[in-house]
**Q** 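Okay, handing you the structure first.
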Protein chains: 2
Amino acid sequence: MAADDRRESILHAATAVFGAKTYAGTTTDDVARAAGVSQPYVVRLFGTKQKLFLAVLDRALVKLFAAFRAAVAGEPAERTQRMGDAYIGLLAERGLLQSLSAAFLLGGDSEIGPAARGHFADVWRFLRTEVGMDAETAQMFLAQGMLINTLVGLRVGAAYGEDAAMTELLDLCIPEKVDEVLIQLPTVGDAW
Amino acid sequence: MAADDRRESILHAATAVFGAKTYAGTTTDDVARAAGVSQPYVVRLFGTKQKLFLAVLDRALVKLFAAFRAAVAGEPAERTQRMGDAYIGLLAERGLLQSLSAAFLLGGDSEIGPAARGHFADVWRFLRTEVGMDAETAQMFLAQGMLINTLVGLRVGAAYGEDAAMTELLDLCIPEKVDEVLIQLPTVGDAW
DNA sequence: GATGGTTGTAATCGAATGATTACCTCACGG
DNA sequence: CCGTGAGGTAATCATTCGATTACAACCATC
């Protein structure tokens with residue numbers, strides 16, 4: 001396989017694993033196995049585990065902005081609605097939003113912290129300037145996103161239909177689309 | 001020192017460290033050093049690192065509910081406002097909200113996951129039944145909380161006044177109280 | 001002043017982990 | 001055919017980490 005394709009396939013696998021087990025909880029061997037290559041090769045392609053994680057974050061943000069830009073295009077009506085749907089759509093790539101959540105806890109890290117803050121600030125500026133949201137709308141939009149991330153991280157899907165409280169909350173957060181989304185949510189039994 | 005006091009002091013230290021470095025990123029030796037005891041003693045008092053973390057979560061939820069119940073007491077007007085202030089007040093204990101955030105990413109863990117889901121569901125039920133919030137208010141309240149957790153995890157305080165986007169966002173999330181809160185926020189340079 | 005429980009530590013162990021080294025294999029151009 | 005570079009792995013290394021063991025100091029109280 002060409003190195004570029006291999007890189008992408010490792011990044012895809014790494015996204016799923018980092019998202020499921022957090023940064024510190026993931027081993028380079030976990031990623032290698034998920035990608036179907038040997039552990040030394042992962043290290044050789046990315047240098048260090050930290051650089052691999054930073055590459056995962058960069059790739060996640062590229063995909064996030066692509067999804068948002070597609071949602072913003074077109075008529076201004078219902079823009080925020082479409083943006084929310086786009087965010088939900090990102091759940092289709094296993095671990096993508098979770099890897100971001102994991103990074104958002106690592107602000108104190110000297111390498112990952114600045115990258116994570118920069119990415120988050122980029123999102124805010126995008127909402128305020130490119131999308132043109134007012135500050136309060138943008139804040140609520142982000143807040144809803146962080147709540148969704150929390151529910152996914154908690155594997156609340158496992159409680160949907162079992163626990164009345166969590167069912168009610170998930171119905172509110174993923175309006176109209178719970179059924180489709182539930183299928184995509186990571187489950188408790190996930191090996192990674 | 002009596003064992004109970006020692007337990008509490010270790011839990012306090014562990015809260016700060018788990019909050020700063022996540023669950024997997026924290027070592028029992030980190031906690032021991034922060035608490036001023038030896039590493040084996042931490043393990044002996046709590047059994048395993050996992051049980052220590054679960055104890056940190058239990059203690060965090062006791063404090064969370066205590067703060068919320070105090071805010072709910074009294075006249076119904078401005079209740080949600082007082083609850084928000086109470087949440088902000090929890091930032092005074094270093095790592096408390098972050099430790100919860102760290103747990104919320106570990107839903108896939110066979111031990112921590114159910115505990116985290118249970119705690120989160122407890123909060124939701126509390127908001128809906130004891131506080132009497134309607135579903136949408138409770139959802140927005142939680143979402144704001146998750147956004148605040150994110151900002152704290154990112155160490156956004158480091159960017160306050162430096163980055164216009166982050167300054168604007170922090171002003172919105174911590175209305176009227178940024179100055180007092182900034183002092184309490186963990187900084188990038190924190191050893192843990 | 002022995003006895004025994006409580007509070008603690010030093011030393012150490014086995015497993016796991018990130019990284020390095022040395023090597024293998026195969027396609028392809030000269 | 002023969003290099004030679006790209007794609008990839010097995011073996012291994014030094015550290016780190018959670019946990020265990022064995023032991024020490026203190027302090028009641030009979």
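Per chain, numbering begins at 1; letters A, B, ... match sequence-line order. Both backbone and side-chain heavy atoms feed into the values below; hydrogens, waters and symmetry mates do not.
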**Q** Name the closest nucleotide to the V37(B) side chain, picking from dA19(C), dG8(D), dT9(C).
**A** dT9(C)
**Q** Considering only dG8(C), dG8(D), dA10(C), which nucleotide approaches the side chain of M1(B) most closely?
**A**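 Of all the options, the side chain of M1(B) is nearest to dG8(C).
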**Q** Does R44(A) put a side-chain nitrogen or oxygen below 4.0 Å from OP1 or OP2 of dG8(D)?
**A** no
**Q** For T48(B) and Q39(A), find the nucleotide of DNA chain D closest to each by heavy atoms; which residue's nucleotide sits nearer the 5' end?
**A**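 Here Q39(A) is the residue nearer the 5' end.
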**Q** Any side-chain N or O of R6(B) under 4.0 Å from OP1/OP2 of dG8(C)?
**A**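 So the side-chain polar atoms of R6(B) do come within 4.0 Å of the phosphate oxygens OP1 or OP2 of dG8(C), strictly under.
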**Q** Where do A116(A) and A103(A) come nearest, in terms of heavy atoms and distance?
**A**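 Minimum heavy-atom separation between A116(A) and A103(A): CB-O, 3.7 Å.
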**Q** Using a strict cut-off of less than 4.0 Å between a Lys/Arg side-chain nitrogen and an Asp/Glu carboxylate oxygen, indicate whether E162(B) and R117(A) qualify as a salt bridge.
**A** no
**Q** To the side chain of P40(B), which of dA11(C), dC17(D), dT7(C) is closest?
**A** dA11(C)
**Q** Which nucleotide in the set dT9(C), dG18(C), dT9(D) lies at the smallest distance from any side-chain heavy atom of Y41(B)?
**A**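 Per side-chain heavy atoms of Y41(B), the pick is dT9(C).
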**Q** Measuring to OP1 and OP2 of dG18(C), would you say a side-chain N or O of T28(A) lies under 4.0 angstrom away?
**A**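 True: T28(A) side-chain N/O within range (under 4.0 Å) of dG18(C) OP1/OP2.
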**Q** Salt bridge or not between R125(B) and E168(A)? Use side-chain N to carboxylate O under 4.0 Å.
**A** no
**Q** Between K51(A) and E111(A), does at least one N-O distance fall below 4.0 Å, as a salt bridge requires?
**A** no
